[in-house]
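The sequence lines fix the lettering, A, B, ..., with proteins before strands; numbering per chain opens at 1.
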Protein chains: 2
Amino acid sequence: MTGIEKKIRSSSAHSPSDNLKKKAKGRPLANDGNVRERILKAAREVFILHSFKAASTRMIAKQAGVEHPMIHYYFGSKEKLFYAMAETIYNETLPVQEAWFDGLERMSLHEGFSLFIDRMLNYTMKTPDALRIAALNAVNIGDIEEIPGFRFILMSMAAMRRIMEEKLKLRGPNREIEMFIYCFFSIMISFVGARSCQAQILNMNPLDEKYRAWVKDASMTLFYPWFKKILIGQ
Amino acid sequence: MTGIEKKIRSSSAHSPSDNLKKKAKGRPLANDGNVRERILKAAREVFILHSFKAASTRMIAKQAGVEHPMIHYYFGSKEKLFYAMAETIYNETLPVQEAWFDGLERMSLHEGFSLFIDRMLNYTMKTPDALRIAALNAVNIGDIEEIPGFRFILMSMAAMRRIMEEKLKLRGPNREIEMFIYCFFSIMISFVGARSCQAQILNMNPLDEKYRAWVKDASMTLFYPWFKKILIGQ
DNA sequence: ATTTTTATTTACCGATCGGTAAATACTAAA
DNA sequence: TTTAGTATTTACCGATCGGTAAATAAAAAT
């Protein structure tokens with residue numbers, strides 16, 4: 001049994017942890033190493049259009065210009081690919097989210113909140129990936145963790161709460177802040193993440209400035225009074 | 001051609017419009033006529049758990065205790081079955097929705113709005129079908145009408161607007177009412193229609209009273225100030 | 001040039017999908 | 001009882017799914 005094992009080739013590349021120091025004799029890095037990245041990018045493009053279940057590895061492979069077994073070669077499974085993509089998006093979104101709050105403390109409440117919404121819409125309307133993927137997948141959950149990278153949504157919300165508490169100098173346990181952030185995320189997932197549907201209901205083009213203006217108007221009307229109440233309550 | 005046609009049996013029952021007066025000789029209504037209803041009921045149970053695309057006629061047939069071709073026999077296609085189910089739900093929801101507003105005009109603004117939310121949650125938490133199906137399917141839309149019965153969501157929102165304008169004596173074009181109702185539907189689709197996910201984020205049981213209380217609290221905080229502004233603006 | 005290792009493709013597996021045709025079970029009219 | 005017509009099931013179709021094994025292409029090390 002052990003005698004056979006040492007003859008077996010690894011036959012997959014998605015766990016580079018093994019054979020770390022074992023000097024490779026064969027063909028170490030012939031390809032530009034961009035196939036993995038191309039698959040990740042393609043995965044993102046496909047998972048923006050289809051839920052985790054509805055998307056297929058064949059769609060993603062086609063989008064990346066490779067055959068679908070390459071996905072299993074580099075990532076092991078559709079699930080692990082989704083997780084890797086979700087982690088990528090989370091890591092790239094985190095600093096952006098933090099920057100939305102820069103300098104708000106030196107402005108009036110209304111001016112500051114308005115600027116925050118503008119910054120947020122500027123980014124998410126151009127790069128709606130995170131909100132879109134959240135919208136597509138959050139609904140189907142029976143048991144959490146059915147969607148592989150679902151924890152990143154929770155981490156994103158927790159991060160935003162931390163940033164708000166830090167930058168806006170909020171104190172205490174403050175269940176109201178949690179509620180505020182949660183409602184805010186829900187609305188943004190609907191209005192930005194599901195904009196292709198939402199805009200159609202309003203008879204607008206989701207990419208048009210008119211729809212963006214509608215979303216800003218609605219967000220301000222819904223959340224500014226609450227935001228004011230939270231900050232004045234300090 | 002015509003000679004052949006008159007020999008062909010209808011071979012399906014989903015369009016009873018033809019042969020209306022032609023006296024049937026064979027087996028008119030042997031079955032209790034409940035198979036169609038059983039399929040409709042099963043469809044509702046399945047379409048609450050899975051999106052239109054993710055649900056399968058085989059799931060529905062199994063739930064109804066029949067073989068899956070019966071669905072095509074009675075409804076013609078999965079699409080037409082979904083449409084029939086959506087219409088059923090719409091017709092049963094309409095009067096309920098109207099009753100939520102009964103007598104509110106004789107109460108204080110806060111008392112009235114609070115009662116409205118309670119009535120709405122009492123019903124939708126027990127019968128979340130409409131909101132759940134909206135949540136499951138609204139996201140996937142690229143082109144509207146990809147989801148067969150999508151128009152019923154629009155009709156439901158339009159009906160609510162009409163009822164509000166009538167019962168609360170609102171006048172004018174009032175784009176703000178449209179915006180209010182639209183935001184309200186979005187939140188309810190999230191909090192009730194996708195409660196299995198939402199409650200898990202809050203670390204609650206979606207069927208527990210605690211979650212219901214959270215939703216009511218959030219709804220009041222979000223919408224009461226706006227509601228007040230709309231009515232006082234009259 | 002040969003060997004060794006990696007990267008990629010081809011060909012398949014079993015499962016499931018929506019849908020259909022044909023066979024069959026059933027029941028009421030003749 | 002026969003017959004005609006309906007209700008239901010069985011068996012299939014082509015397509016797609018996630019995943020795997022094996023064949024093949026490619027390149028570095030020998």
Residues, nucleotides or ligands: over 12 heavy atoms within 6.0 Å of K41(B) NZ
no
Nucleotide of [options] approaching [X] most closely (side-chain heavy atoms):
X: H72(B); options: dT9(D), dT9(C), dG19(C); value: dG19(C)
X: R58(B); options: dG19(C), dT8(D), dT20(C); value: dG19(C)
X: E67(A); options: dT10(C), dT8(D), dA11(D); value: dT10(C)
X: S56(A); options: dT8(D), dC17(D), dG19(C); value: dC17(D)
X: M59(A); options: dC17(C), dT10(D), dC17(D); value: dC17(D)
X: K78(A); options: dT8(C), dT20(D), dG19(D); value: dG19(D)

May I ask you to say what A54(B) touches in the nucleic acid, namely base, sugar-phosphate or nothing, with a heavy-atom cut-off under 4.0 Å?
nothing
Determine the contact category for A61(A): base if any of its heavy atoms lies under 4.0 Å from a base atom, sugar-phosphate if only primed atoms, P, OP1 or OP2 are that close, otherwise nothing.
nothing
Between the base of dG19(D) and the side chain of H68(A), is there any donor-acceptor pair under 3.5 Å?
yes
Please work out which of the three classes, parallel, tilted or perpendicular, describes the rings of H68(A) and H72(A), given edges at 30° and 60°.
perpendicular
If the plane angle is over 60° it's perpendicular, under 30° parallel, otherwise tilted; pick one for F180(B) and F223(B).
perpendicular
Looking only at side-chain N and O atoms, does Y74(B) come under 4.0 Å of OP1 or OP2 in dT8(D)?
yes
It should be established whether T57(A) places a side-chain nitrogen or oxygen under 4.0 Å from OP1 or OP2 of nucleotide dG18(D).
yes
I need the NZ-C1' distance between K62(A) and dA15(D), as an integer number of Å.
14 Å
Minimum-distance pair of heavy atoms, taken over all atoms of L131(A) and M188(A)
CD1-O, 3.9 Å
